[in-house]
Amino acid sequence: MTLATRDKRVIWHPFTPQKNMSSPIAITHGKGSLLFDEQNNSYIDAISSWWVTLHGHAHPYIAEKLYKQALQLEQVIFAGFTHEPAVSLAERLLQILTSNFSRIFYSDNGSTSTEVAIKMAIQYWWNQQPATGNQQPAPRTKLLAFTNAYHGDTFGAMSVSDRSVFTLAFHDLLFEVVFIDVPDEHNIASIKSIIDQQHETIAAFIYEPLVQGAGGMKMYDAQWLNELLRHVQSKSIICIADEVMTGFGRTGKLFASEYMECKPDIICLSKGLTGGTMALGVTACTNKIYEAYLQDDKLKTFFHGHSFTANPLACTAALASMDLLLYNDCLQRIAWIEDQHKGFIQQLQDKKNIKNIRHIGTILAFEIMEGHDEYLNNISNIITQQCLHNGIYLRPLGNTVYLMPPYCITAEELNKVYTTINTLVS
Ligand SMILES: Cc1ncc(COP(=O)(O)O)c(C=O)c1O
């Protein structure tokens with residue numbers, strides 16, 4: 001029996017309609033940008049396996065560090081205990097993050113990193129009350145978020161995400177959120193007035209800086225985001241940058257927040273944090289947030305954690321990934337990919353059946369003009385199958401085709417991806 005057949009008997013895959021599900025491809029190994037199946041066919045992983053892989057699959061440097069760490073300490077409870085990988089990683093993250101972040105809170109993935117951020121921000125307001133007010137709800141409990149946002153699949157993360165096909169079954173159960181559109185020169189004034197009317201009840205604003213990933217790789221302008229952040233901060237609303245996808249170089253800078261003058265109070269990281277090797281989430285906060293929890297009253301503790309919080313192996317993978325990101329030619333490679341994308345965009349300009357060609361850093365996206373602009377557009381499956389046939393892995397978001405390759409992709413591999421797309425959209 002093939003692995004795919006065994007899989008279909010026992011496994012329920014994420015984001016995958018189960019009825020008539022086509023057989024999954026059994027991947028046996030990976031190397032650099034390539035994934036290999038049981039027949040040794042190779043596929044260029046042009047979307048970094050859901051945007052996580054930075055330096056390539058099965059990277060020997062990261063593997064070596066993991067092996068050594070696994071022989072030393074694989075896991076330990078993180079309340080009352082600590083360990084070298086967690087502390088070193090926190091120190092290094094605080095060095096490279098923008099703004100005056102002072103604390104690192106670990107969790108398991110992107111959704112938990114945003115879930116932590118949301119709870120941290122709401123309890124920040126709750127903790128402002130005198131001890132006698134502990135039975136009261138927090139003075140500010142609402143969240144402000146963008147339409148078309150995606151912040152993850154847990155309930156808090158779903159609540160601050162767009163009401164979409166992803167959340168449809170749960171709408172009645174999601175908490176109240178003030179939704180605004182991403183800002184531009186036309187709507188900034190009306191967005192500000194929405195905030196002015198409700199700011200005294202808004203605890204925090206959560207946003208994906210410059211690129212709305214799962215919402216269709218929608219890009220928006222740093223100038224207007226900066227203007228919005230300035231306004232939000234003038235109302236003492238806590239700003240949460242969800243850099244789960246944009247972090248670690250994807251937008252051309254280490255963090256997308258570097259494009260704006262106004263910095264967040266909380267930042268969420270995951271995906272590329274470990275170079276894509278292991279699951280790990282980080283929620284970093286400034287001293288202002290942390291100090292709200294420095295209280296004698298034990299009820300003001302942040303009662304949140306996971307069994308695998310700060311797993312030593314995951315922290316080790318993150319440290320190794322950071323070595324590769326900061327001390328190799330990685331940043332030049334990111335700039336090189338961006339240059340290549342610009343060249344490819346020239347080739348795409350005159351295509352009649354695509355629109356909204358856009359890019360930032362290593363991300364390039366456009367829409368295919370077929371059917372509606374929506375996630376359930378079946379053109380996604382067609383493109384994926386055609387690309388697999390050509391040895392490339394792409395997974396469009398509906399009719400939005402995008403590239404987000406690992407930074408190790410070679411010129412030959414990238415050209416193959418471009419040529420294939422060029423043919424498909426001709
Ligand atoms: C911006 C953003 N936030 C949060 C998440 C959720 O991350 P995870 O899938 O690791 O839970 C994602 C995942 O795509 C994301 O793009």
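Keep in mind it's a predicted model, so treat the numbers as computed, not measured. We count ligands from 1, going down the list as the structure has it; atoms in each ligand are counted the same way.
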- Return the protein residues near ligand 1 (heavy atom under 4.0 Å from any of its atoms), ordered by chain and residue number. W51, N109, G110, S111, Y150, H151, G152, E208, D242, V244, M245, K271
- On the ring face of Y407, is R333 found with NZ or CZ under 6.0 Å from the centre and within 45° of the axis?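 Pair R333/Y407 does not count as cation-pi.
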- Message: A cation-pi test, strictly: NZ or CZ of K271 under 6.0 Å from the centre of the six-membered ring of F248 and no more than 45 degrees from its axis. Yes or no?
- Response: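 No - K271 does not lie over the ring of F248 by the 6.0 Å and 45° rule.
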- Under a 4.5 Å cut-off applied to non-hydrogen side-chain atoms, are L174 and R163 in contact?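 With C-beta onward as the side chain, the pair touches.
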- Parallel under 30°, tilted from 30 to 60°, perpendicular over 60°: which one fits the rings of W51 and Y402?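 Correct class here is perpendicular.
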- Message: Quick one about T277 and H59 (side-chain donor to acceptor, distance below 3.5 Å, no hydrogens or angles considered), yes or no?
- Response: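 Note: H59 and T277 side chains miss the donor-acceptor criterion.
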- Check whether the ring centres of Y220 and F146 lie less than 6.0 Å apart, and answer yes or no.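 Yes - the distance between ring centres of Y220 and F146 falls below the 6.0 Å cut-off.
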